[in-house]
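Notes for the one structure printed next.
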2 protein chains.
Amino acid sequence: MRTRFTRAEREAQILDAAVAVFTERGYANTSMDAVAERVGVTKPVLYTHFGSKEGLLLACVTQARAQLLEATSQAAMEASGPEDMLRRGTLAFFRFLDDRRGSALVYAESSVTAEAIEDIRAQQTDFIASLLGAADPTADPQRLQGWARVIVGACERLAHWRKQDPSVTAEQATEYLMDLAWQGLGARAGDSGRAR
Amino acid sequence: MRTRFTRAEREAQILDAAVAVFTERGYANTSMDAVAERVGVTKPVLYTHFGSKEGLLLACVTQARAQLLEATSQAAMEASGPEDMLRRGTLAFFRFLDDRRGSALVYAESSVTAEAIEDIRAQQTDFIASLLGAADPTADPQRLQGWARVIVGACERLAHWRKQDPSVTAEQATEYLMDLAWQGLGARAGDSGRAR
DNA sequence: GCGGTAACTTACCACCGGTAACCTGTAGGG
DNA sequence: CCCTACAGGTTACCGGTGGTAAGTTACCGC
């Protein structure tokens, strides 16, 4: 059997192993030796490829980041208008997380990963802000940024909710976000209060 | 000078020192010896009081959690109606973070603290869901939970935005959230699109 | 003052992230 | 077909840190 591989091959192997081990044992509780053992090599190999434990984690997150933008922007492309775009993008986000159960947000433990995750949020925030800007060209950029951040934060929490309570469907989560983001609670509160 | 203190006194001293050191150096980069030195004792003292490094962090977060509920619920009490309640509560949240610059969300590094922070979110989510339930008694509980989570996530992201860009005021952040949560984007997108 | 207990220190261990030095399989030229 | 150069890989080690067992000392009640 092969015992030596090219850089690219080993890097892919290590990345896969790292995602698996970090996911099942958590970042802090995972030793580099454990990852190395899973790959079938020794520790220094990991260091020649990724520099440090945080570097390895960073590579995992960076990979996930590209895949996320791919998934959401593709969904938004297929939409018929602003509301549909927000809805489809949101739904695609939840579906993305469904496809990679657990292995996505475990990363939030390390401080260097926190920064990388922040980059992912920035990526999604800019993307959403540009969608909103197209829907309402009169809004000033800062306000668009604010709205986009609200949506990103909302999605993150809804996703976490679904993780701990899988009975909440991706469609329901999307609907709850649309309730607030598009329609607003004002109308509902008014409904139950006084006639309109 | 006094060299020995009662349990309660030492615990308070250690908690203060831990908050300070964790805040300025980050959780992962802080050694227990560093905290102990700041207090003026040796490491095992910390362990007799808090059991482990994570236990110490947990105590810090638990303390902050109680203070947060105190601040937001007090603000909501003074409101005149549902919308004002949401607005005042949100504003109080941002002001709370202003008062403890940086020292609040640094905690999100450890996995055990992630759970504790999750408890804080649960606390605020339940609180907000109950407010929303009062505003719209016809909504079903799961939907209320969904809305509350949207708001909690939105606040968290807006707070983070303000931390990295202090020119965004607490009032602006609150306004952006109210734009979506209360009024909704539909009206605005419609404004720029066709007449209503 | 004088025990006795709670507070505290000393001295240590095991584990883990990281590295220097050495070894070996294998592609490619003669 | 062999042999050499180097990429790929291993062994053996270090320093720092979380955590602890055993011993020491200040303080309170009598």
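Just so it is clear, the structure is predicted and the values come from calculations on it, not from any experiment. We name chains A, B, ... by the order of the sequence lines, and we start the count at 1 in each one.
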- Task: Work out how much the helix from C/dG1-D/dC30 to C/dG30-D/dC1 bends between its end axes, five pairs an end, to the nearest 10 degrees.
- Result: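 Answer for the end axes of this duplex: 0°.
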Mind listing the N/O atom pairs, protein and nucleotides 2-5 of chain C, below 3.5 Å?
none

Atom [atom1] of [X] and atom [atom2] of [N]: how far apart are they, to the nearest Å?
| X | N | atom1 | atom2 | answer |
| --- | --- | --- | --- | --- |
| A/K53 | C/dC15 | NZ | C1' | 12 Å |
| B/M32 | C/dC12 | CE | P | 22 Å |
| B/E54 | D/dT17 | CD | P | 17 Å |
| A/N29 | C/dC15 | CG | P | 15 Å |
| B/F22 | D/dG18 | CZ | C1' | 12 Å |
| B/D33 | C/dC12 | CG | P | 16 Å |

Quick one: do [X] and [Y] make a salt bridge, cutoff under 4.0 Å?
| X | Y | answer |
| --- | --- | --- |
| A/R4 | A/E9 | no |
| B/E175 | A/R143 | yes |
| A/D16 | A/R38 | no |

Please tabulate, for the side chains in residues 64-71 of chain B, all donor-acceptor contacts under 3.5 angstrom to protein atoms that are two or more places apart in sequence or on a different chain.
{"unit_1": "B/R65", "atom_1": "NE", "unit_2": "B/Q123", "atom_2": "OE1", "d": "3.0"}
{"unit_1": "B/Q67", "atom_1": "OE1", "unit_2": "B/R100", "atom_2": "NH2", "d": "2.3"}

- Message: Within the 3.5 Å criterion, strictly below it, is a donor on A/Q145 or A/T125 matched to an acceptor on the partner's side chain?
- Response: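 No pair is found: no donor N or O on one side chain lies under 3.5 Å from an acceptor on the other.
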For nucleotides 6-8 of chain C, list the nitrogen or oxygen atoms of the protein found under 3.5 Å from its nitrogen or oxygen atoms, one pair per line.
{"unit_1": "C/dA7", "atom_1": "OP1", "unit_2": "B/R7", "atom_2": "N", "d": "3.4"}
{"unit_1": "C/dA7", "atom_1": "N3", "unit_2": "B/R4", "atom_2": "NH1", "d": "3.0"}
{"unit_1": "C/dA7", "atom_1": "N3", "unit_2": "B/R4", "atom_2": "NH2", "d": "3.3"}
{"unit_1": "C/dC8", "atom_1": "OP1", "unit_2": "B/T3", "atom_2": "O", "d": "3.4"}
{"unit_1": "C/dC8", "atom_1": "OP1", "unit_2": "B/F5", "atom_2": "N", "d": "3.1"}
{"unit_1": "C/dC8", "atom_1": "OP1", "unit_2": "B/R10", "atom_2": "NE", "d": "2.9"}
{"unit_1": "C/dC8", "atom_1": "OP1", "unit_2": "B/R10", "atom_2": "NH2", "d": "2.9"}
{"unit_1": "C/dC8", "atom_1": "OP2", "unit_2": "B/R10", "atom_2": "NE", "d": "3.4"}

- Item | A/R121: salt bridge (charged side-chain N to carboxylate O under 4.0 Å, His left out) partners, not counting sequence neighbours |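 Residues passing salt bridge (charged side-chain N to carboxylate O under 4.0 Å, His left out) with A/R121: A/E118, A/E156.
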- Query: With respect to the side chain of A/K43, which nucleotide from C/dG18, D/dG18, C/dC16 is positioned closest?
  - Reply: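 So the side chain of A/K43 is nearest to C/dG18.
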- Item | Proximity to the side chain of B/P44 - top-ranked nucleotide from C/dT10, C/dG17, D/dG19 |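 Comparing C/dT10, C/dG17, D/dG19 against the side chain of B/P44, the answer is C/dT10.
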- Tell me whether the OP1 or OP2 atom of C/dG18 has a side-chain N or O from A/Y47 closer than 4.0 Å.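 For C/dG18, OP1/OP2 do have a side-chain N/O of A/Y47 under 4.0 Å.
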- What pairs of residues pass the side-chain hydrogen bond (donor to acceptor under 3.5 Å, both in side chains) test when at least one of them lies in residues 88-97 of chain A, not counting sequence neighbours?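 Pairs touching residues 88-97 of chain A that pass the test: A/D84-A/R88, A/R95-A/E171.
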- Message: Here's one to test your reading of the geometry: is the NZ or CZ of A/K53 within 45 degrees of the ring axis of A/Y27 and under 6.0 Å from its centre?
- Response: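 Yes.
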